[in-house]
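Read through the structure below, which is laid out as structure tokens, and then see the notes.
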Amino acid sequence: MRATQRVCRECRGKTKVIRKDYRFIESGLNNVFLKDVEVVVCSGCKGESPRVSNHNDLIRTIAVALVGKPCELAGDEVRFLRKYLGERSLSFAKMLGIDRSHLSRIESGAMAISRQTDRLVRTLALVHDPALVQKLKKLGRYKEALRRLSEIGTDVNPIEVQLGHAPDGYTYDLKVAA
Ligand SMILES: [Zn+2]
């Protein structure tokens, strides 16, 4: 049996474990949800923390979901992919052929990403991390993701990334946010 955290680290209040959908803001993104995950909830400060296993696969699954997103990447999603790749702003801007200040305006949301830069960010992610390609193939979504590269819409409908558990790793769904 897994050990249960009984006391909140923040306020020493009592905690309980429930299953729910959890907005995974720890990812640095606002639109990522863990579906039906165990969450430790504090009865005192109401703090919540999800119990996630296989953190590397979780982060990789978010990355492939973004690569396969049907509409433009938002700034925080570009930042997520850059950090996923372990790149600093300067080197990533060089890869994209843009100024560092241009990249930082995109990442902060002050400037929309161009269609070319959006495609290049996704392509660089696939080229620089073969594990992303493996993950997409494992999920049977590699061809879909490649097709998406030529069909990215300019609409800015917020898309929710919904992450599910499967015995051999995380899965993802993309839903238009209500
Ligand atoms: Zn607490």
Side-chain angles (χ1 to χ4, degrees), residues 1-92 103-113 121-122 125 128-129 131-132 134-136 138-139 141 145 156-178:
M1 219 174 88
R2 221 187 305 182
T4 306
Q5 184 195 358
R6 297 206 174 94
V7 176
C8 174
R9 285 190 204 128
E10 300 296 326
C11 75
R12 313 299 297 166
K14 279 188 182 171
T15 63
K16 62 179 177 181
V17 177
I18 60 171
R19 293 192 80 88
K20 59 177 280 191
D21 297 345
Y22 180 82
R23 187 189 288 267
F24 189 44
I25 51 172
E26 291 86 346
S27 63
L29 300 171
N30 241 331
N31 59 338
V32 175
F33 292 83
L34 301 167
K35 301 294 285 180
D36 191 33
V37 67
E38 284 187 348
V39 179
V40 181
V41 182
C42 172
S43 61
C45 65
K46 309 296 178 195
E48 296 187 347
S49 63
R51 283 180 161 170
V52 291
S53 55
N54 202 350
H55 193 260
N56 288 346
D57 186 61
L58 174 60
I59 298 302
R60 185 175 301 121
T61 307
I62 297 172
V64 295
L66 296 180
V67 167
K69 204 185 149 194
C71 55
E72 280 182 359
L73 292 172
D76 54 1
E77 295 170 338
V78 174
R79 182 185 292 123
F80 178 93
L81 287 171
R82 172 174 65 76
K83 289 187 170 174
Y84 173 81
L85 294 172
E87 293 295 339
R88 289 172 178 275
S89 300
L90 184 59
S91 56
F92 199 56
L103 176 62
S104 87
R105 287 200 296 278
I106 290 172
E107 290 190 356
S108 70
M111 179 188 270
I113 194 167
V121 168
R122 302 184 201 215
H128 281 263
D129 185 21
L132 285 187
Q134 284 166 16
K135 178 71 186 182
L136 278 167
K138 191 174 167 191
L139 292 172
R141 303 182 75 162
V156 284
N157 282 339
I159 295 282
E160 279 182 8
V161 177
Q162 302 189 342
L163 299 167
H165 277 287
D168 57 346
Y170 290 90
T171 60
Y172 74 88
D173 274 314
L174 299 170
K175 295 241 167 81
V176 176

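Computed from a predicted structure; not experimentally measured. Read the numbers this way: they start at 1 and go in the same order the structure lists the ligands and their atoms.
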Which residues pass the side-chain contact (heavy atoms from CB on, under 4.5 Å) test with E10, sequence neighbours left out?
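Checked E10 against side-chain contact (heavy atoms from CB on, under 4.5 Å); matches are C8, C45.
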Sequence neighbours left out, what passes side-chain contact (heavy atoms from CB on, under 4.5 Å) with E26? Give chain and number order.
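Checked E26 against side-chain contact (heavy atoms from CB on, under 4.5 Å); matches are Y22, F24, P50.
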Which N, O or S atoms belonging to the protein are less than 2.8 Å from the Zn ion (ligand 1)?
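Per the 2.8 Å query on the Zn ion (ligand 1), atoms found are C8 SG, C11 SG, C42 SG, C45 SG.
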With sequence neighbours left out, what residues match N54 under side chain to side chain donor-acceptor pair (under 3.5 Å)?
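None.
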Are the side chains of V41 and T15 in touch, meaning some heavy atoms are under 4.5 Å apart?
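Of all side-chain heavy-atom pairs linking T15 with V41, none is under 4.5 Å.
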Side chain to side chain donor-acceptor pair (under 3.5 Å) with N31: which of E160, Q162, E77, K175?
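When E160, Q162, E77, K175 are each tested with N31, the side chain to side chain donor-acceptor pair (under 3.5 Å) holds only for E77.
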Of Y172, Y170, F80, Y84, which meets side-chain contact (heavy atoms from CB on, under 4.5 Å) against I62?
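Answer to the side-chain contact (heavy atoms from CB on, under 4.5 Å) test with I62 among Y172, Y170, F80, Y84: F80.
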